[in-house]
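Report on the structure given below.
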Amino acid sequence: LIPNEIEELNQKLSLTRHLLDYFIQPKLNNQNSFSDDEDDDDDDEPKDYTEIFKQKPINEYALLTDNLAMACSNSHILLRDGARLLLYNEKEKIHQLEIKVQHPGDFIRDICWCETLGYYLVLTQYLLFIYDPDKYSLTIIDKVKPIDGLKFSSLTCSDNIMFLVNGNGQCIERWSIAKSFNWKLIKRIRKKYFHSIFIL
């Protein structure tokens, strides 16, 4: 594995653990009774999911592929199953959409929830979309395009700022994003200048 693949795997594992904490652990706590004299400091202990995985999952859905990416808000999980986007709430699958890509061999690379916009950001190798989980609508962001023949590889966001990676880390872009679609490129950092990445 190359370093960025290891980092991506670590991020996905961390996300999976948070999803388990949110969707599974609270339900188990509600089903069990605890005595008043139990130690309340157990929350700091690492959780053991061994018994959870021995049980039948609360909700189980068959997926077509193992080509997955996922992101979650407080009320939904959006995941990539091959070329499809699947939207779930806590109880069921509520929407399914197939991405129609414009380039042969294109596929969904990454998904990110943007709290500020109230949308998911969906990234393919060549395109960026926003997905509205309330209207089930997918909108392309024409202003954002790969540079120098590179392909997009990943993205993340914080407040109204989006970071977008071109290629295997050859270039990182910082964008100001808004619901009005008045998105602006703030800065573009090439790999040889990554010593300044923390002052983007």
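What you see is a predicted model, and the numbers here were worked out from it, not measured in a lab.
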Salt bridge Glu173-Arg188, side-chain N to carboxylate O under 4.0 Å:
yes
Approximate separation, where rounding is to 0.5 Å, of Lys151 NZ and Asn166 CG
12.5 Å
Using 0.5 Å steps for rounding, measure from the CG atom of Leu123 to the CZ atom of Arg109.
8.0 Å
Below 4.5 Å, heavy atoms only, C-beta onward: do Gln125 and Phe152 meet side chain to side chain?
no
I'd like to check Phe129 versus Ser137 (side-chain heavy atoms, cut-off strictly below 4.5 Å). Are they in contact?
no
Side chain proximity check, Val165 to Phe163, heavy atoms < 4.5 angstrom
no
Face-on cation placement of Lys179 at Tyr119 ring, 6.0 Å and 45° thresholds:
yes
Verify, without hydrogens or angle tests, whether Asn89 (side chain) and Lys91 (backbone) share a donor-acceptor contact under 3.5 angstrom.
yes
Once you round to the nearest 0.5 Å, how far does CG of Leu121 lie from OH of Tyr131?
13.5 Å
Report yes or no: does Thr116 contribute a side-chain atom to a donor-acceptor pair with the main-chain N or O of Asp159 at less than 3.5 Å?
yes
So, do Ile172 and Leu164 sit near enough that their side-chain heavy atoms are less than 4.5 Å apart?
no
Connected via hydrophobic side-chain network under 4.5 Å: Ile186 and Ile177
no
Side-chain heavy atoms of Arg174 within contact of Ile161, under 4.5 Å
yes
Please check: side-chain N/O of Ser153 versus main-chain N/O of Gly167, any donor-acceptor pairing under 3.5 Å?
yes
Please examine the side chains of Leu128 and Met162, heavy atoms only from C-beta on, and report whether any two atoms are closer than 4.5 Å.
yes
How many angstroms lie between CD1 in Ile111 and OH in Tyr120, if you round to the nearest 0.5 Å?
9.0 Å
Main-chain N/O of His76 paired with Ser73 side-chain donor or acceptor, under 3.5 Å
yes
Between Asp110 and Leu155, is there a donor-acceptor pair closer than 3.5 Å when you use the side chain of the first and the backbone of the second?
yes
What is the distance from atom CG of Leu86 to atom CG of Leu97, rounded to the nearest 0.5 Å?
9.5 Å
Value rounded to 0.5 Å, distance of CD1 in Ile94 from CG in Leu87
4.0 Å
Atom pairs and distances, donor-acceptor, side-chain atoms in residues 140-150, under 3.5 Å, two or more places apart:
unit_1 : atom_1 : unit_2 : atom_2 : d
Lys143 : NZ     : Trp183 : O      : 2.9
Lys145 : NZ     : Asp142 : O      : 3.1
Asp148 : OD2    : Arg190 : NH1    : 2.6
Asp148 : OD2    : Arg190 : NH2    : 3.2

Does some side-chain heavy atom of Ile130 sit less than 4.5 Å from a side-chain heavy atom of Val122?
no
